[in-house]
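Report on the structure given below.
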Amino acid sequence: MEIKSLKKINDFLWELPPLGEMRVPGLIFASQKLVEEMDEKVREQVTNVACLPGIVHASIAMPDAHWGYGFPIGGVAAFDAEEGGIISAGGVGFDISCGVRTLTTGLTRDEIVPSLERLIDKIFQVVPAGVGSEGKIRLTPAQIDDVLAGGAKWAVDKGYGFPEDLGYIEEGGYVTWADPKQVSDLAKKRQFREVGTLGSGNHYLEIQHVFEIYDAEAAEALGIKKDDILIAIHCGSRALGHQIGTDYLVTLAQASKKYNIPIRERELVCAPINSPEGKRYFGAVGAGINCALANRQVISHLTREAAYEIIPQAKLEMLFDVSHNTCKVEEHVVDGKKLRLYVHRKGSTRAFGPGRPEIPSRFRSIGQPVFIGGTMGTCSFILVGTEFGTEQAFGSACHGAGRSMSRKRATKTWRGDTVIKDLSAKGIIIRTRSYRGVAEEAPGAYKDVVEVVNAAHQAGLAKKVAMVKPLACVKG
DNA sequence: ATGTAC
């Protein structure tokens, strides 16, 4: 991106002044280097989003922003229904409520190393992973509606996990406004056998060790210490979320015409929040969110069973579960006014600062935990949200390293088996059913997660608490 | 991301 097209606010904040049809400015939170490396398309998309009806404060891009479908991936935008605000599938993404859940294990690195290979093999055996992977759970149409209405609470009620898990999931494990009736039969049918499966692409289950602590007070509040073993689960709403996106792209294209909303890019189609189409899509998004939360809950249960079989003294407990492809209603203060807003976060994780009532009471004074997943070979980060981020970015932070190379080019550059060998030489075990998937997800196909996270930290969006490194990983 | 190009 041409740096001279931007107004520098400070070293980690760049503004696109509100010109032409833009209703609000664009704000890009990133270092100069990351901004320069960003595709021009990000500027274009941030601008397009800034032109949408009812947007408030700013059209925002995170340090890991890259070109996406309508909205940039790493984009945040909030809309006021009372001011004609819209809801857009391009602002949520296809993998609705894709996110990261992290479990503590009560084990240290030394305790797990002798059993590591057996543990990852067991997890690989019991957690279905890969394209089209199916779980043991078979659901009927009525039962899938229960999943879509109940989320992780449905899973706990069915015996997958414990009621106390729910307090450490956003929204207590399920959103109440989910409306399974707004999800097509096809979307439901595609999910009948996929509840509790990891999926493919950048989804993974990783055994990690805490490598470095940056903020001792926050780490203590989160209950993590150097050398602790954590398990991170990154997955979303599988085929169901994808099908909701596909279905509503058609609905919202028609709605954009019906309500005369000027669309600057075809993928930015949307409907007024208060229109029947907008309400239907929002209800479907809620169902997608609950589907993803149920998935991660079932996978956690399978992981617990595997871990207890291999290492009986392990104790897998919820640290937190945070989604990074959502649209949710939240209260925010904009220009001194309290507003109820529809916040779109696409490839952007919620990162509420201290004091927000949505944060579990145990963490409320330090801010919401945020998980930033790196790549197979690199590290991941645990952060907490800040007041500044809550005021300036609706309480949002980046979600990962962000791709720097297309999947196609990655498969031409690397071979899956050599990537696995290289990682093995670094002491990282990979289990997968797809060498091609591993090539697509080669560490070299991603931006430097350290730089992205440092930018988020220095921009003030979230505060670094710990860095974790992978020991073993099941790739979808 | 995705029954990896209905």
Side-chain angles (χ1 to χ4, degrees), chain A residues 64-75 88-101 128-135 137-139 144 183-205 233-250 267 284-285 287-289 291-293 295-296 299 322-327 344-349 373 375-376 398-412 414-416 432-442 445-446 474-476:
Chain A
D64 54 342
H66 52 288
W67 174 79
Y69 202 88
F71 282 52
I73 297 163
S88 173
V92 177
F94 274 72
D95 190 5
I96 297 169
S97 205
C98 181
V100 179
R101 164 183 297 208
V131 174
S133 53
E134 298 182 352
I137 299 174
R138 293 288 183 273
L139 299 170
I144 193 92
V183 177
S184 70
D185 289 342
L186 176 59
K188 291 173 185 174
K189 192 175 160 214
R190 289 181 65 179
Q191 194 64 20
F192 285 162
R193 294 162 180 264
E194 292 194 350
V195 172
T197 65
L198 201 57
S200 63
N202 65 359
H203 291 164
Y204 59 77
L205 185 154
I233 297 164
H234 177 203
C235 73
S237 50
R238 306 283 283 110
L240 181 127
H242 195 269
Q243 190 62 46
I244 290 172
T246 305
D247 292 340
Y248 276 92
L249 226 43
V250 178
E267 289 88 357
V285 167
I289 289 174
C291 175
L293 297 179
N295 268 349
R296 292 199 283 274
I299 292 170
V322 62
S323 298
H324 50 232
N325 279 351
T326 57
C327 178
H344 295 63
R345 293 189 185 85
K346 182 200 200 175
S348 166
T349 168
T375 69
M376 288 176 282
C398 55
H399 83 305
R403 290 198 81 88
S404 60
M405 189 187 284
S406 71
R407 291 179 188 280
K408 196 170 179 180
R409 205 172 136 218
T411 56
K412 286 184 178 168
W414 291 282
R415 283 175 49 127
T432 183
R433 291 181 179 86
S434 168
Y435 282 156
R436 180 178 152 182
V438 170
E440 286 180 355
E441 296 298 317
Y446 280 83
V474 171
K475 281 303 290 179

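Note on naming: letters A, B, ... go to the chains in the order of the sequence lines (proteins, then strands), and numbering restarts at 1 for each one.
When every heavy atom of Arg101(A) is checked against every heavy atom of Leu293(A), the shortest pair comes out as NH2-O, 4.0 Å. Nearest heavy-atom pair across Ile96(A) and Ile289(A) is CG2-N, 3.7 Å. Looking at every heavy atom in both residues, Gly476(A) comes nearest to Ala129(A) through CA-CB, 4.1 Å. Across Val183(A) and Ala287(A), no two heavy atoms sit closer than the pair CG2-CB, 3.6 Å. Of all heavy-atom pairs spanning Gly236(A) and Asp95(A), the tightest one is CA-OD1, 3.4 Å.
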Could you list all N or O pairs between the protein and nucleotides 4-6 of chain B that sit under 3.5 Å apart?
none

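Within the 4.0 angstrom heavy-atom criterion, no nucleotide atom of any strand lies near Gln191(A).
Applying the side chain to side chain contact (heavy atoms under 4.5 Å, CB included) rule to Ala445(A) yields the partners Arg403(A), Met405(A), Ala410(A), Trp414(A); only residues at least two apart in sequence or on another chain are considered.
A parallel orientation is assigned to the rings of His344(A) and Phe71(A), their planes being inclined by less than 30° (bins at 30° and 60°).
Whole-Å rounding puts the Glu441(A) CD to dT2(B) C1' distance at 13 Å. Between Lys189(A) atom NZ and dT2(B) atom P there is a gap of 19 Å when expressed in whole angstrom units.
The aromatic ring centroids of His234(A) and His399(A) lie 6.0 Å or more from each other.
Heavy-atom distances under 4.0 Å link DNA chain B to Arg238(A), Ala239(A), His242(A) of residues 234-244 of chain A, given in residue order.
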